[in-house]
**Student:** 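Before I ask anything, here is the structure I am working with.
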Amino acid sequence: MNFIEELQWRGMIHDMMPGVEKQLAKEMSSAYVGFDPTADSLHIGHLVGIMMLKHFQDAGHKPIVLLGGATGMIGDPSGKSQERNLLDEKTLRHNEASIKAQMRKFLDFDAKTENSAELVNNYDWMKDFSFLGFIRDVGKHITVNYMMAKDSVKKRLSAESSEGMSFTEFTYQLVQGYDFLHLYKEKNCKLQMGGSDQWGNITTGTEMIRKMEQGEAFAVTCPLIKKADGTKFGKTESGNIWLDPKKTSPYKFYQFWLNASDEDMSNFIKIFSTKGKEEIEALEKEHNEAPHLRTLQKALAEELTVRVHSQEALDMALKATSILFGKSTTEELKSIDEDTLLSVFEGVPQVTISKSDLDKTENITDFLSELTQQVIFPSKGEARKMIKGGGVSINKEKVLDANAPVEISLLQDKYILVQRGKKNYFLVTVG
RNA sequence: GGGGGAAUACCAAAGCGGCCAACUGGGGCGGACUGUAAAUCCGCUGUCUACGACUUCACAGGUUCGAAUCCUGUUUCCCCCA
């Protein structure tokens with residue numbers, strides 16, 4: 001199966017220029033995908049582009065990661081994004097290093113072969129470009145008529161958009177197009193890939209290469225990911241799902257994939273998994289026979305957690321999952337070590353109380369409200385009400401009587417795990 | 001400018017002068033079930049130092065042993081006629 005066939009069955013091709021397959025068959029080729037280095041971490045929205053490069057490298061070609069240090073400052077009108085902030089160079093380099101480290105999980109940058117992956121930053125060749133130089137050498141070759149014909153531009157100029165479009169944004173496609181030209185000249189890169197919204201920007205690049213170098217270059221775009229329920233992919237209530245464990249814990253990362261809906265899953269598995277066709281089809285079959293087991297979700301969640309984080313991180317996530325959602329017991333809770341406990345409940349509201357206060361406390365209700373500084377319940381009334389409704393558990397054991405005395409065995413000699421409802425956890429530290 | 005009507009909890013919407021902390025529906029929060037889903041079913045939903053106490057029905061007064069309910073004024077909103 002060649003690269004294009006591979007992407008095709010995975011549903012990752014939205015559009016491509018004629019002749020791509022011929023080019024790829026002819027020689028080892030280079031292709032690039034652009035990423036914004038606006039943060040020091042990638043998020044899962046970037047994963048599609050990365051996977052394209054991954055498959056490209058697996059097919060024996062050379063993937064190039066282009067960081068838009070320069071273009072990111074301008075703002076792509078395709079996404080009707082706001083004007084961007086200028087990143088200072090120090091931040092840019094920091095982000096670049098972090099992103100490269102994450103890219104390493106997917107792409108091989110150290111291969112001894114000629115198709116080793118490479119990372120470039122367009123800031124490096126754009127920063128010294130003078131305005132005069134740019135409009136003379138680049139702007140001369142592309143007509144405004146051509147630029148205005150792009151959908152992304154038309155939309156901004158039409159009555160629908162109230163904001164108008166700055167000249168800066170208008171020139172975006174030239175700058176991005178120039179990247180392609182630059183890579184074509186410097187690295188013999190003949191293919192740019194990206195989301196389908198990038199089509200217009202990519203073709204500006206191929207146009208430049210045709211006019212200025214009389215060369216031939218190609219574009220391949222993949223469909224933008226759509227979720228079955230219409231909501232945006234990659235976001236949760238708490239924001240983006242980042243690849244950086246400091247921004248999104250491996251546990252949350254794992255949970256994100258595990259929670260994907262069945263309808264989305266048949267697309268996701270093909271896009272985000274490196275598993276082959278047969279294996280995926282077998283998994284799908286298994287999944288359809290017993291949908292409640294969510295075979296696909298588990299398979300993908302595990303694969304990606306290990307790839308992006310590590311096997312240890314996955315083990316931790318699985319353990320956390322079983323504690324939070326499984327029918328785990330007090331015994332199980334006691335069995336895990338302090339580090340695991342703390343990382344599982346990282347981000348959960350915490351309260352510290354003193355041992356003597358705990359001993360003085362008359363009943364459970366007081367403990368849940370006053371003693372814990374109203375963090376768990378704002379008043380005794382609420383605590384009582386919730387206990388009556390069977391909604392409070394301490395160390396995984398349901399509290400039945402609101403007036404019961406406080407007799408709690410501490411986890412690791414200093415923690416108490418309180419659950420309000422099914423999903424709200426509180427960690428009380430007795431110090 | 002003249003006439004009529006309305007105002008109740010997060011929203012909607014009931015409420016013979018005592019049985020009203022106020023029917024019901026939605027939402028929210030819990031519970032059971034389940035696949036950490038959907039559907040379904042059940043409970044809670046003014047506050048609290050809780051078998052009781054306190055503060056509520058636009059606002060301010062009044063009638064009454066007793067007012068969300070009757071009266072007066074104020075404010076806001078809606079409708080109709082100019």
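A, B, ... follow the sequence lines: proteins, then strands. Residue 1 opens every chain. All of these numbers come straight from a predicted model, not from anything done at the bench.
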**Student:** Return the pairing partner of B:C54 with a 3.5 Å limit on both distances, Watson-Crick or G-U wobble; otherwise return none.
**Tutor:**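 Checking every strand shown, B:C54 finds its partner in B:G46, with both distances under 3.5 Å.
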**Student:** Say we look at B:G27 and B:G35: how far apart would their C1' atoms be, to the nearest angstrom?
**Tutor:**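 Per the computed distance, 26 Å lies between those C1' atoms.
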**Student:** Say you pick atom P in B:G66 and the same atom in B:U47; how far apart are they, in whole Å?
**Tutor:**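 Looking at atom P only, B:G66 and B:U47 are 29 Å apart.
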**Student:** Grab the two heavy atoms, one from A:C222 and one from A:M12, that are nearest each other, plus how far apart they are.
**Tutor:**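 Of all heavy-atom pairs spanning A:C222 and A:M12, the closest is CB-O, 2.8 Å.
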**Student:** Quick one, A:V392 and A:L368 - any side-chain contact, counting heavy atoms below 4.5 Å?
**Tutor:**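 Yes - at least one pair of side-chain heavy atoms lies under 4.5 Å apart.
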**Student:** I'd like the P distance from B:G61 over to B:U69, given in whole Å.
**Tutor:**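 That atom pair is separated by 14 Å.
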**Student:** Reading nucleotides 40-55 of chain B 5' to 3', which nucleotides get B (base under 4.0 Å from a protein heavy atom), which S (sugar-phosphate only), which -?
**Tutor:** ----S--SSSB-----
**Student:** Quantified in whole Å, what is the P atom distance between nucleotide B:G52 and nucleotide B:U36?
**Tutor:**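 It works out to 42 Å between them.
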**Student:** For B:C77 and B:U8, measure between their P atoms and round to the nearest Å.
**Tutor:**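 Going atom to atom, P in each nucleotide, I get 14 Å.
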**Student:** Between A:N201 and A:Q198, do the side chains contain an N or O donor and an N or O acceptor separated by less than 3.5 Å?
**Tutor:**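 A pair is found: one side chain offers a donor N or O, the other an acceptor, under 3.5 Å apart.
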**Student:** For nucleotides 33-36 of chain B, tabulate all protein N/O to nucleotide N/O atom pairs closer than 3.5 Å, reporting atom names and distance.
**Tutor:**
unit_1	atom_1	unit_2	atom_2	d
B:G35	O4'	A:H292	O	3.0
B:G35	N1	A:D262	OD2	3.3
B:U36	O2'	A:N259	OD1	3.4
B:U36	O2	A:Q255	OE1	3.4
B:U36	N3	A:Q255	OE1	2.5
B:U36	N3	A:Q255	NE2	3.2
B:U36	O4	A:Q255	OE1	3.2
B:U36	O4	A:Q255	NE2	2.5

**Student:** Would A:K246 and A:S41 count as a side-chain hydrogen bond (donor to acceptor under 3.5 Å, both in side chains) here? Give the steps.
**Tutor:** CA-CA 10 Å; A:K246 286 197 229 43; A:S41 172; over 6 Å; no
**Student:** Minimum heavy-atom separation for A:K54 and A:T274, please, with both atom names.
**Tutor:**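 Distance-wise, the nearest heavy atoms are CE-CG2, 3.9 Å.
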**Student:** Just checking, is any N or O donor in the side chain of A:T71 or A:N122 under 3.5 Å from an acceptor N or O on the other one?
**Tutor:**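 The criterion, which ignores hydrogens and geometry beyond distance, is satisfied for A:N122 and A:T71.
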**Student:** Roughly how many Å apart are B:C59 and B:C42, using the P atom of each and rounding to a whole number?
**Tutor:**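 Approximately 36 Å lies between the P atom of B:C42 and that of B:C59.
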**Student:** Could you give the distance separating B:U72 and B:G2 at their C1' atoms, to the nearest angstrom?
**Tutor:**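 The same atom, C1', in both gives a distance of 22 Å.
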**Student:** Please classify the nucleic acid contact of A:K398 as base, sugar-phosphate, or nothing, using heavy-atom distances under 4.0 Å.
**Tutor:**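 Sugar-phosphate, no base atom in range.
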**Student:** Under a 4.5 Å cut-off applied to non-hydrogen side-chain atoms, are A:L300 and A:S273 in contact?
**Tutor:**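 With C-beta onward as the side chain, the pair touches.
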**Student:** Under 4.0 Å, counting only non-hydrogen atoms across every strand here, what does A:N424 touch: a base, just sugar-phosphate, or nothing?
**Tutor:**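 The answer is sugar-phosphate, as A:N424 gets under 4.0 Å only of primed atoms, P, OP1 or OP2.
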**Student:** Figure out the CZ/C1' separation between A:R420 and B:G31, and round it to whole Å.
**Tutor:**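 After rounding, the gap between these two atoms is 15 Å.
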**Student:** Between B:G30 and B:C80, how many Å separate the two C1' atoms, rounded to a whole number?
**Tutor:**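 Going atom to atom, C1' in each nucleotide, I get 49 Å.
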**Student:** State, to 0.1 Å, how close A:L107 and A:Q57 come at their nearest heavy-atom pair, and which atoms those are.
**Tutor:**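 Shortest heavy-atom contact: CA-OE1, 3.6 Å.
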**Student:** Taking any strand in view, what nucleotide pairs with B:C70 in a Watson-Crick or G-U wobble way, both distances under 3.5 Å?
**Tutor:**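 Pair assignment: B:C70 / B:G62.
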**Student:** Give none if B:U40 has no partner; otherwise give the nucleotide forming a Watson-Crick or G-U wobble pair with it, both distances under 3.5 Å.
**Tutor:**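 Its partner is B:A32 (Watson-Crick or G-U wobble, both distances under 3.5 Å).
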**Student:** With the side chain counted from C-beta on, respond yes when A:L53 and A:Y32 share a heavy-atom pair under 4.5 Å apart, and no when they do not.
**Tutor:**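 A side-chain contact is absent here, since even the closest heavy-atom pair is not under 4.5 Å.
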